[in-house]
Every structure is written in structure tokens, then in C-alpha cells.
Amino acid sequence: MGFLAFLLLGLIAGAIAKAILPGRQGGGWLGALVCGVIGALLGGWLGSVLFGKGVDAFFDIGSWLLAIGGSLIVLIIWGFISGRTRRD
């Protein structure tokens, strides 16, 4: 997958993860991009370790699910680090 395709995948996956997770995450589109790219990297790594499948192709549903799942993990970890609660 190309660099720009990976950034687009990260942006969309981060935005979807922010929409799924309740509460305020903040950061705008740049925060969604960073969260999504880190989440796609994390999801790809976890997918390759656990399932033998990574983030390989832009139009592959497995890549999207791994990127969104990784973004959700990143958002949850960021919530614990920043000390935000669900009511913020």
C-alpha cells in the first residue's frame, strides 16, 4: 500500500473509531489522522502476529477492520493516559 493510501486509511479509520467510542476525544481531523495511522500500524502488527494477516491493501475489508480496531485501542489507551473520563 502506498504512503498516501495509508494516510487516507488512517484518517478514515481514526474518524470511524472516534465515532464508535463514546465521549469526547478532541483533536479534530489531525487527531483522527494521528490516531488512525498509529492504530493502523498497531492493528496491522497485531493482525500479523495473531492471524497472519496485516494491513496490506486499501480495498481489503480485513485491512479496514484491523485499522479501526487498532484505532479503538489507541483511543482507549489515550483516554487512560490523558485521564479523561466518559463524562468529560
Side-chain angles (χ1 to χ4, degrees):
M1 179 180 330
F3 179 71
L4 290 177
F6 193 76
L7 286 179
L8 183 62
L9 173 78
L11 177 64
I12 296 171
I16 291 172
K18 281 184 151 194
I20 291 173
L21 199 65
R24 284 181 33 141
Q25 288 85 27
W29 68 270
L30 187 60
L33 174 67
V34 171
C35 167
V37 169
I38 294 172
L41 290 172
L42 177 66
W45 178 76
L46 284 175
S48 65
V49 169
L50 298 175
F51 309 118
K53 171 104 175 89
V55 178
D56 298 330
F58 186 79
F59 292 108
D60 183 25
I61 190 69
S63 295
W64 284 94
L65 292 176
L66 288 172
I68 293 168
S71 298
L72 285 170
I73 293 170
V74 168
L75 280 176
I76 291 169
I77 292 172
W78 179 250
F80 284 131
I81 290 172
S82 66
R84 291 189 179 181
T85 62
R86 292 182 139 214
R87 288 180 273 171
D88 283 345

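From a predicted model like this one, the values you see are computed outputs, not experimental measurements. If you read the sequence from its start, that first residue is 1, and numbering goes on from there.
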Given the rule that I, L, V, M, F, W and Y join up when any side-chain heavy atoms are under 4.5 Å apart, are [X] and [Y] in one cluster?
| X | Y | result |
| --- | --- | --- |
| Ile16 | Leu41 | yes |
| Ile68 | Ile61 | no |
| Ile38 | Leu65 | no |

Quiz prompt | Qualifying residue, where the test is side chain to side chain contact (heavy atoms under 4.5 Å, CB included) with Cys35 and the options are Ile73, Val74, Leu30 | solution =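 Per the side chain to side chain contact (heavy atoms under 4.5 Å, CB included) rule, the option paired with Cys35 is Val74, out of Ile73, Val74, Leu30.
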
Write down the atom of [X], the atom of [Y], and the distance for their closest heavy-atom approach.
| X | Y | answer |
| --- | --- | --- |
| Ser71 | Gly36 | OG-CA, 3.4 Å |
| Leu9 | Ala40 | CD2-CB, 4.5 Å |
| Leu7 | Leu33 | O-CD1, 3.4 Å |
| Ser63 | Gly54 | OG-O, 3.9 Å |
| Gly70 | Leu42 | O-CD2, 4.0 Å |

Practice problem: Sorted by first residue and then second, give each salt bridge (charged side-chain N to carboxylate O under 4.0 Å, His left out) pair with at least one member in residues 59-73; sequence neighbours left out. | Solution: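 Matches after skipping sequence neighbours: Lys53-Asp60.
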
Quiz item: Among pairs that include at least one residue of residues 25-35, which meet salt bridge (charged side-chain N to carboxylate O under 4.0 Å, His left out), considering only residues two or more places apart or in two chains?
Solution: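 Every pair satisfying salt bridge (charged side-chain N to carboxylate O under 4.0 Å, His left out) with a residue in residues 25-35: there are none.
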
Quiz item: Looking at CG of Leu21 and CH2 of Trp78, how far apart are the two atoms once the value is rounded to the nearest 0.5 Å?
Solution: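 Leu21 atom CG to Trp78 atom CH2 measures 14.0 Å (nearest 0.5 Å).
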
Exercise. Write out all pairs satisfying ring-ring contact (aromatic ring centres under 6.0 Å, His included) with one or both partners inside residues 35-59, taking only residues at least two apart or from two chains.
Key: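 Qualifying pairs: Phe58-Trp64.
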
